[in-house]
Amino acid sequence: MTDNAITDVDGVLVGHHQRLGDGWATGTTVVLLPPGTTGAVDGRGGAPGTRETDLLVPENLVRQVDAVCLSGGSAYGLAAADGVMRWLSERNRGLRVGQAEHEVVPIVPGAVLFDLPRGEWGNRPDASFGYAACENAAVEFAVGTVGAGTGAKVGQLKGGIGTASVRVDGFTVGALAAVNAAGDAVDMATGVPYAADHEVAGEFGVVWPNAPGVLPDVPATDLNTTVGVVAVDADLTKTECRRLAVAAQDGLARAVRPAHTMFDGDTVFAVATGSRSLGIADGPFGPVARAAALDRLCTAAAEVFARAMVHGMLAATAVPGLPAYRDVWPVSSSGSTASGQ
């Protein structure tokens, strides 16, 4: 395994591309998936910006996804997925629609977040961002003010990309979150993140403060959206993947208050690489046993997504007019090892 990241799920890679400075503060993050990966999605916000989510509804035809594209730029940023499709098609990755090897249609669902106020109008991701993010995809990747988290904002603080993972019953569950919410992720009276109690083995690496933070006058932004991916190496169906995405949204709600508002487009994708069997569903007790195993994965998905959101906020660095958590609360190290990304 790597170190507490979504790429602990074998075959999953993450890449970023961003522009920061000179009127830019936005980017794109791509999660590349191994062949045969099953996908699903759950959207809870009232203002989503998404692509190919209808395709992922369990009753629809296509089951497998090739990549997930998360991007800044609001609806404009959906264009980043075009670059992901081009990168995949050059490698003959996608749904086969003809006899020739190159006759494929890459399946690239995606979601965008609202970060337009961070940069100058017109500076937003396009297809080149998605292509470059694919070129940069690897097991090891940066967190914080990178990729889709470059212009992210959570409450009155800088948001960013976070990741985490956990082992459950021999399976690996990992999450990646682009933290960009209208609500707060921190109790302003104490400086302690709402999901701090989800910490595993001192992973956040800090001693939490116990004092109110002094925040500059940051203009409120109603239009936001946290987007992310939860991954597992189990052989889930589309319907089971959907349950995993639903559970991950619970983790989002633990980390941000309020969550899933009419002005957020909170969207979580779930992907299952299928490299490990969850168990047979045949026989008198098979369905119940499989459901119980899935339930434990769902519990883990909620917890790991909440942890990823805390990491995203802690790793973020300030941009003009928007302070980072560590600028407001200069926390000290606990001596523990954090995620190491």
Is there a path of hydrophobic side-chain contacts, each under 4.5 Å between heavy atoms of I/L/V/M/F/W/Y residues, joining [Y] to [X]?
X: Val139; Y: Val31; value: yes
X: Val143; Y: Phe129; value: no
X: Phe305; Y: Phe204; value: yes
X: Val268; Y: Tyr194; value: no
X: Leu13; Y: Leu88; value: yes

> Which heavy-atom pair separates Ala259 from Leu252 by the least distance, and what is that distance?
Replying inline: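 Here Ala259 and Leu252 meet closest at CB-CD2, 3.8 Å.
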
> What is the distance from atom CD of Glu240 to atom CZ of Arg290, rounded to the nearest 0.5 Å?
Replying inline: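 Output value for this atom pair is 4.0 Å.
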
>> Return the OG to CG distance between Ser277 and Asp233, rounded to the nearest 0.5 Å.
In response: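 It comes to 11.0 Å.
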
Basic-acidic side-chain contact under 4.0 Å: [X], [Y]:
X: Arg307; Y: Glu303; answer: no
X: Arg91; Y: Glu135; answer: yes
X: Asp184; Y: Arg257; answer: no

>> Strictly by side chain to side chain donor-acceptor pair (under 3.5 Å), give each pair with a member in residues 70-85 just once, sequence neighbours left out.
In response: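 Every pair satisfying side chain to side chain donor-acceptor pair (under 3.5 Å) with a residue in residues 70-85: Thr28-Ser71, Arg51-Asp82.
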
> Side-chain contact, heavy-atom cut-off 4.5 Å: Thr225 with Val112?
Replying inline: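 They are not in contact (no side-chain heavy atoms under 4.5 Å apart), so the answer is no.
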
>> Less than 4.5 Å apart, side chain to side chain, heavy atoms only: is that true for Leu314 and Arg326?
In response: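 A side-chain contact under 4.5 Å exists here.
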
With a 6.0 Å cut-off (strictly less than), is the heavy-atom count around [atom1] of [X], excluding the residue itself, greater than 12?
X: Asp10; atom1: CG; value: no
X: Asn60; atom1: CG; value: yes
X: Gln99; atom1: CD; value: no

> Could you go step by step and tell me if Asp8 and Thr172 meet the side-chain hydrogen bond (donor to acceptor under 3.5 Å, both in side chains) rule?
Replying inline: CA-CA 7 Å; Asp8 289 337; Thr172 301; over 6 Å; no

> Are any side-chain N or O atoms of Gln249 and backbone N or O atoms of Asp42, one a donor and one an acceptor, separated by less than 3.5 Å?
Replying inline: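 The answer is yes, because a donor-acceptor pair under 3.5 Å joins these two groups.
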
> Under the side-chain contact (heavy atoms from CB on, under 4.5 Å) criterion, do Val12 and Val271 qualify, and how do the steps go?
Replying inline: CA-CA 10 Å; Val12 175; Val271 294; 5.5 Å; no

